[in-house]
*Asks:* 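Would you mind keeping the following structure in view while I ask a few things?
Along the sequence shown, residues carry numbers from 1. Just so it is clear, the values below take in all heavy atoms, side chains as well, and ignore hydrogens, waters and symmetry mates.
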Amino acid sequence: HKFTVKVDKRDLSGDYELGLFDEQVAPWENDKSSHSFEGKAYVVVHVEKEGTLKECLQNTGADISSIRNLKITGKMTTEDFEFIREEMGQLEAINIKDVKVLNVKVDFDLKERFWDDDVLPTNAFKRMTGLRSIVLPDSIYGIGYGALRELILKTPLILPDNITHIFDQALGETDCDIELPRRLEYIGRSAFSRSHCRGELRLSETIKYIDEYAFRGAKGFRGTLSLPSGLEYLGENAFSQCGTALHGDIVIPTTLASL
């Protein structure tokens with residue numbers, strides 16, 4: 001809602017007269033000057049049975065290929081994420097805060113694979129370059145291989161406090177504002193490699209494993225680089241080519257078993 005107010009003072013009485021001019025009312029979802037993506041109109045769908053997202057969306061009558069803003073509740077599995085990535089190319093914002101992720105595929109550098117609950121699966125939103133906003137499930141403990149790779153987000157990416165594992169290449173080459181979760185234990189190979197993630201690099205004392213190339217070329221992080229006192233493994237070139245925004249003296253933890 002935009003308008004211009006004119007204030008006139010009456011000479012005799014000393015009172016003020018207000019006038020309203022140039023009044024314009026813009027739909028909330030179109031008024032980008034007052035918000036980011038939070039107020040946009042979302043297609044909302046509940047998925048009772050994991051693996052049926054496409055069917056549930058079809059039942060809403062929405063044109064799936066043209067959906068820009070989507071909120072999902074209920075349950076999701078690998079096939080649902082693959083459907084989003086392959087068939088919802090117009091998607092700009094997705095909210096899966098209240099989703100339970102079940103039996104999804106998680107890879108270790110594509111050499112080892114396991115299936116688990118409460119992990120953002122391998123390549124979940126990889127290269128969905130139209131996405132501008134993602135709200136992740138509160139219940140997940142991990143970000144899978146390449147799950148958030150090569151994205152350009154316009155709203156901060158909030159990693160839930162439950163997250164303990166960020167797997168290989170999870171956010172490689174992604175552009176976003178970010179803060180690392182406080183309970184993090186594991187950062188995989190090239191997890192943030194060549195990313196444009198921005199924020200203060202606060203490595204939680206709970207971190208025990210930082211794999212090779214984890215932050216290589218991630219020049220958006222700033223602050224004091226302080227290794228966790230309980231760190232057990234630090235991979236080759238984990239912090240190489242990070243630029244000048246990181247500073248501080250490196251203290252090698254006594255717990256470090258491999259460097």
Side-chain angles (χ1 to χ4, degrees), residues 35-40 42-47 50-51 53 67-85 88 91-107 115-188 191-192 195-199 202 204 206-207 218 220-221:
H35 67 284
S36 297
F37 289 82
E38 296 176 0
K40 280 187 171 293
Y42 278 69
V43 172
V44 181
V45 62
H46 180 74
V47 182
E50 66 274 18
L53 173 61
I67 294 175
R68 295 184 181 275
N69 310 292
L70 178 64
K71 178 177 174 60
I72 304 171
T73 61
K75 303 169 185 175
M76 293 178 67
T77 190
T78 297
E79 289 76 14
D80 299 311
F81 287 96
E82 290 175 347
F83 162 70
I84 291 172
R85 189 174 67 251
M88 302 191 72
L91 201 61
E92 294 180 359
I94 185 166
N95 184 329
I96 50 176
K97 177 182 176 66
D98 300 315
V99 162
K100 177 69 173 177
V101 180
L102 297 172
N103 195 33
V104 294
K105 179 178 68 175
V106 184
D107 291 293
W115 300 78
D116 203 359
D117 300 339
D118 298 323
V119 188
L120 204 63
T122 293
N123 297 335
F125 299 114
K126 181 179 179 181
R127 292 180 184 154
M128 291 190 68
T129 54
L131 267 180
R132 295 294 179 260
S133 176
I134 300 175
V135 180
L136 296 173
D138 285 338
S139 60
I140 59 173
Y141 78 83
I143 306 295
Y145 179 98
L148 300 172
R149 182 175 174 84
E150 298 178 49
L151 303 179
I152 305 172
L153 302 180
K154 297 302 183 183
T155 60
L157 180 64
I158 307 300
L159 299 181
D161 282 340
N162 287 332
I163 289 181
T164 57
H165 288 63
I166 298 178
F167 292 102
D168 298 354
Q169 301 188 34
L171 289 104
E173 301 183 49
T174 281
D175 185 326
C176 69
D177 293 318
I178 196 171
E179 181 177 337
L180 299 184
R182 291 174 291 180
R183 299 177 185 174
L184 198 57
E185 299 175 6
Y186 177 97
I187 302 176
F192 293 91
S195 76
H196 298 279
C197 293
R198 295 171 298 277
R202 296 174 180 169
S204 170
T206 56
I207 296 175
F221 286 105

*Asks:* Which residues pass the side-chain contact (heavy atoms from CB on, under 4.5 Å) test with Val45, not counting sequence neighbours?
*Replies:*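 In terms of side-chain contact (heavy atoms from CB on, under 4.5 Å), with neighbours along the sequence ignored, Val45 is linked to Leu53, Cys56, Leu57, Thr60, Leu70, Ile72.
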*Asks:* Which atoms form the tightest heavy-atom contact between Pro121 and Ala147, and what is the distance?
*Replies:*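 Reported closest heavy-atom pair: O-CB, 3.4 Å.
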*Asks:* Under the salt bridge (charged side-chain N to carboxylate O under 4.0 Å, His left out) rule, collect the residues that match up with Asp117, sequence neighbours excluded.
*Replies:*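 Asp117 satisfies salt bridge (charged side-chain N to carboxylate O under 4.0 Å, His left out) with no other residue.
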*Asks:* Of all the heavy-atom pairs spanning Glu92 and Asn69, show the shortest one and how long it is.
*Replies:*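 Scanning both residues, the minimum pair turns out to be CB-OD1, 4.4 Å.
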*Asks:* Would you indicate whether the side-chain heavy atoms of Leu159 and Ile166 approach each other to under 4.5 Å?
*Replies:*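 Yes. Closest side-chain heavy atoms under 4.5 Å.
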*Asks:* Do the side chain of Thr174 and the main chain of Leu148 share a donor and acceptor less than 3.5 angstrom apart?
*Replies:*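 Confirmed, Thr174 side chain pairs with Leu148 backbone.
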*Asks:* So do the side chains of Arg132 and Ile152 get within less than 4.5 Å of each other, counting heavy atoms only?
*Replies:*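 In contact.
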*Asks:* Do you know the tightest heavy-atom contact between Pro137 and Ile140?
*Replies:*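 In this case the closest contact between Pro137 and Ile140 is O-CG1, 3.4 Å.
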*Asks:* Would Lys126 and Glu150 pass as an ion pair if we require N to O under 4.0 Å?
*Replies:*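 Looking at Glu150 together with Lys126, the answer is no, because their closest N to O distance does not fall below 4.0 Å.
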*Asks:* For Phe125, enumerate each residue passing the ring pair (Phe, Tyr, Trp, His ring centres under 6.0 Å) test, keeping only those at least two apart in sequence or located in another chain.
*Replies:*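 Ring pair (Phe, Tyr, Trp, His ring centres under 6.0 Å) check on Phe125 returns Phe81.
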*Asks:* Quick one: do Tyr145 and Asn123 satisfy side-chain contact (heavy atoms from CB on, under 4.5 Å)? Show the steps, please.
*Replies:* CA-CA 6 Å; Tyr145 179 98; Asn123 297 335; 4.0 Å; yes
*Asks:* Less than 4.5 Å apart, side chain to side chain, heavy atoms only: is that true for Met128 and Leu151?
*Replies:*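 When only atoms from C-beta onward are counted, Leu151 and Met128 do touch, with a gap below 4.5 Å.
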*Asks:* Going by side-chain hydrogen bond (donor to acceptor under 3.5 Å, both in side chains), name the residues that satisfy it together with Asp177, two or more places apart in sequence or in a different chain.
*Replies:*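 Result, side-chain hydrogen bond (donor to acceptor under 3.5 Å, both in side chains) vs Asp177: Arg198.
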*Asks:* To the nearest 0.5 Å, what is the distance between CG (Asp116) and CG (Leu102)?
*Replies:*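 The CG atom of Asp116 sits 10.0 Å away from the CG atom of Leu102.
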*Asks:* Does the side chain of Ile187 reach to within under 4.5 Å of the side chain of His165, using non-hydrogen atoms?
*Replies:*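 Not in contact.
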*Asks:* Atom NE2 in His196, atom CG in Asp175: separation rounded to 0.5 Å?
*Replies:*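 Interatomic distance, His196 NE2 to Asp175 CG, rounded to 0.5 Å: 6.0 Å.
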*Asks:* Quick one: list whatever passes side-chain contact (heavy atoms from CB on, under 4.5 Å) with Ser204, sequence neighbours left out.
*Replies:*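 Thr206, Ile207.
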*Asks:* Distance from Leu91 atom CG to Leu131 atom CG, nearest 0.5 Å?
*Replies:*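 The CG atom of Leu91 sits 5.0 Å away from the CG atom of Leu131.
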*Asks:* Test Leu136 against every option in Ile94, Val99, Leu120 by the side chain to side chain contact (heavy atoms under 4.5 Å, CB included) rule and name the one that passes.
*Replies:*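 Of Ile94, Val99, Leu120, side chain to side chain contact (heavy atoms under 4.5 Å, CB included) with Leu136 is met by Leu120 alone.
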*Asks:* Starting at CD1 of Ile143, measure out to CZ of Phe167 and round the result to the nearest 0.5 Å.
*Replies:*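 Here the interatomic distance stands at 9.5 Å.
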*Asks:* So, for Pro160 and Pro181, which heavy atoms are closest and what is the spacing to 0.1 Å?
*Replies:*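 Of all heavy-atom pairs spanning Pro160 and Pro181, the closest is O-CB, 3.7 Å.
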*Asks:* How far apart are the closest heavy atoms of Met76 and Ile84, and which atoms are they?
*Replies:*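 Heavy-atom minimum between the residues: CE-CD1, 3.8 Å.
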*Asks:* Quick one: pull up CG in Asn162 and CZ in Arg182 and give me the separation to the nearest 0.5 Å.
*Replies:*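 It is 10.5 Å, given to the nearest 0.5 Å.
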*Asks:* Over all heavy atoms of both residues, which pair between Arg183 and Thr164 is shortest? Give the atoms and the distance, please.
*Replies:*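 Heavy atoms only, the tightest pair is O-CG2, 3.5 Å.
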*Asks:* Does Thr77 use its side chain to pair, donor to acceptor, with the backbone of Asn103 at less than 3.5 Å?
*Replies:*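 Here the side-chain-to-backbone pair exists.
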*Asks:* Measure the spacing between CD1 of Ile96 and CD1 of Ile134 and express it to the nearest 0.5 Å.
*Replies:*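 Here the interatomic distance stands at 7.5 Å.
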*Asks:* Not counting sequence neighbours, list each pair that qualifies as a salt bridge (Lys or Arg N to Asp or Glu O under 4.0 Å) and has a residue in residues 70-79.
*Replies:*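 Pairs touching residues 70-79 that pass the test: Lys71-Asp98.
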